[in-house]
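For reference, the structure is listed below as structure tokens.
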Amino acid sequence: MSLLSGKLGLVFGVANKRSIAWAIAQAWHKQGAKLAFTYQGDRLKENVEELVGTFGPDTLLMPCDVTKDDDIATVFKSVGEKFGQLHLLLHSVAFAPKAALEGEFVNTSREAYRIAHDISAYSLVALSRAAAPLMTDGGSIMAMSYYGAEKVVPHYNVMGVAKASLEASTRYLAYDLGPKKIRVNCISAGPVNTLAARGIAGFNEMLKHYEAHAPLKRNVVPDELGATGVFLASDGAAAITGQVIYVDGGYQIMGM
Ligand code: NAD
Ligand code: 0WE
């Protein structure tokens with residue numbers, strides 16, 4: 001039985017095959033959803049074209065820099081024309097200037113703070129607003145978060161503050177869009193070795209720390225994020241909105 005047959009979905013945040021967005025998109029696809037994709041810019045175009053091509057030659061693929069209102073408007077116009085409707089939206093996008101993730105949080109520049117919040121948090125509001133008119137039979141919107149939103153993770157810095165904003169935005173969006181049967185949730189993933197994690201000093205130590213301290217004594221694998229994405233997209237989660245679901249081997253429950 002396909003959990004998502006007949007569902008139309010739009011995915012933001014595929015950069016390469018290791019992207020969390022790709023794991024969730026594949027899981028949605030396996031459950032019968034029809035998907036459209038966006039990519040950040042020319043630098044990623046070929047890579048994403050190749051991945052998305054595996055879903056069929058007519059898969060809708062559009063550039064979208066989430067800081068650009070015009071890009072967002074064009075994407076949703078195209079989705080409206082091609083799909084006529086939308087059920088699922090994945091936000092798997094984050095960025096802070098590298099320097100802000102290296103030094104101390106106290107030294108975060110006004111510009112780095114603005115950029116991190118614009119790309120990593122405000123974009124969820126903009127995308128949800130654009131998606132809502134297409135979600136005429138209700139919908140499920142989900143965004144990726146991280147534990148640094150609620151506790152201090154050294155060096156995560158302004159990204160932690162932006163994720164706190166993303167999670168709070170999720171709750172306010174859930175309240176606004178609930179009457180339209182649109183649910184909005186976050187998946188808070190444990191560390192995963194992706195492009196966004198690769199450059200982080202000490203990332204491998206972090207993976208080992210999770211293995212040692214998480215109740216399940218291991219790290220999360222991308223397929224498991226896909227499975228949670230399917231659950232949140234499905235009727236099994238019909239009464240779940242405004243939540244942050246931790247998919248982290250249980251790490252978040254620990255006090256020591
Ligand atoms: P990734 O690098 O594969 O994905 C990040 C995506 O953000 C890329 O596709 C990039 O193109 C996109 N992006 C950045 N700026 C953009 C812009 N201005 N416009 C449009 N797109 C833009 O890495 P990932 O780890 O798959 O990250 C996806 C999400 O998962 C992020 O929100 C990240 O914070 C979150 N997350 C990652 C981890 C982890 O350990 N990797 C853990 C928890 C949460
Ligand atoms: O959300 C993230 C990382 C997002 C991210 C990554 C980069 C690297 C390249 C945002 N902006 C940038 N900017 C760059 O220039 N994660 C959850 C992964 C991550 O990043 C960390 C972590 C973890 C976990 C940074 C410091 C400490 C822990």
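Excluded from the calculations below are hydrogen atoms, water molecules and symmetry mates; all remaining heavy atoms, backbone and side chain alike, are included.
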**OP:** Give the C-alpha distance, both sets of side-chain angles, the deciding distance and a yes or no for side chain to side chain contact (heavy atoms under 4.5 Å, CB included) between Leu4 and Ser234.
**Re:** CA-CA 7 Å; Leu4 304 178; Ser234 75; 4.2 Å; yes
Quick one: closest heavy-atom pair of [X] and [Y], and the distance?
X      : Y      : value
Val158 : Ala96  : CG1-CB, 3.9 Å
Ala36  : Met62  : CB-CE, 4.4 Å
Leu90  : Ala21  : CD2-CA, 3.7 Å
Ile141 : Met135 : CG1-CE, 3.8 Å
Ala162 : Ala116 : CB-O, 3.9 Å
Ser188 : Tyr246 : OG-CE2, 3.2 Å

Can you tell me if [X] uses its side chain to pair, donor with acceptor, with the backbone of [Y] under 3.5 Å?
X      : Y      : result
Thr170 : Cys186 : no
Asn47  : Glu50  : no
Gln243 : Ile240 : no
Asn185 : Gly242 : yes
Asp65  : Thr67  : yes
His87  : Gly139 : no
Arg183 : Leu232 : yes
Asp71  : Pro63  : no
Ser165 : Val161 : no
Asn157 : Gly103 : yes

Is [X] atom [atom1] crowded by more than 12 heavy atoms from other residues, nucleotides or ligands, each under 6.0 Å away?
X      : atom1 : answer
Lys82  : NZ    : yes
His29  : NE2   : yes
Glu81  : CD    : yes
Lys217 : NZ    : yes
Arg198 : CZ    : yes

Original post:
Relative to each other, are the rings of Tyr113 and His117 parallel, tilted or perpendicular (30° and 60° limits)?
Top reply: parallel
Original post:
When the ring planes of Phe37 and Trp22 are compared, do they come out parallel, tilted or perpendicular, using 30° and 60° as the limits?
Top reply: tilted
Between atom [atom1] of [X] and atom [atom2] of [Y], what is the distance when rounded to the nearest 0.5 Å?
X      : Y      : atom1 : atom2 : answer
Arg129 : Phe76  : CZ    : CZ    : 10.5 Å
Tyr146 : Met159 : OH    : CE    : 11.0 Å
Glu102 : Asn107 : CD    : CG    : 12.5 Å
Gln40  : Lys68  : CD    : NZ    : 9.5 Å
Ser92  : Met142 : OG    : CE    : 11.0 Å
Ile187 : Phe231 : CD1   : CZ    : 10.5 Å

**OP:** Report yes or no: do Gln85 and Thr136 form a side-chain donor-acceptor pair below 3.5 Å?
**Re:** yes
**OP:** Any chance you could lay out the side chain to side chain contact (heavy atoms under 4.5 Å, CB included) test for Val93 and Ile119, step after step, and finish with the verdict?
**Re:** CA-CA 7 Å; Val93 167; Ile119 296 177; 3.7 Å; yes
With a 4.5 Å limit on heavy-atom distance, are the side chains of [X] and [Y] in contact?
X      : Y      : result
Leu61  : Glu49  : yes
Arg18  : Leu195 : no
Ser19  : Thr194 : no
Leu207 : Tyr210 : no
Thr59  : Leu35  : no
Ser123 : Asp118 : no

Subject >> Trace of the side chain to side chain contact (heavy atoms under 4.5 Å, CB included) decision for Lys34 with Phe83 >> reply: CA-CA 9 Å; Lys34 186 171 166 63; Phe83 284 176; 3.8 Å; yes
Subject >> Between Tyr251 and His209, ring centroids under 6.0 Å >> reply: yes
Original post:
Under 6.0 Å between the ring centres of His91 and Phe12?
Top reply: no
According to a hydrophobic-cluster definition based on side-chain heavy atoms being under 4.5 Å apart (Ile, Leu, Val, Met, Phe, Trp, Tyr only), do [X] and [Y] belong together?
X      : Y      : answer
Ile182 : Ile24  : no
Ile20  : Leu44  : yes
Leu10  : Leu166 : yes
Phe55  : Trp28  : yes
Met144 : Val66  : no

Subject >> side chain to side chain donor-acceptor pair (under 3.5 Å), paired with Ser145, selected from Glu150, Lys163, Glu167 >> reply: Glu167
Original post:
Run the side chain to side chain contact (heavy atoms under 4.5 Å, CB included) check on Ile115 and Phe95 step by step: do they pass?
Top reply: CA-CA 8 Å; Ile115 290 170; Phe95 182 80; 4.0 Å; yes
Subject >> Salt-bridge present (Glu211, Lys208; N to O < 4.0 Å) >> reply: no
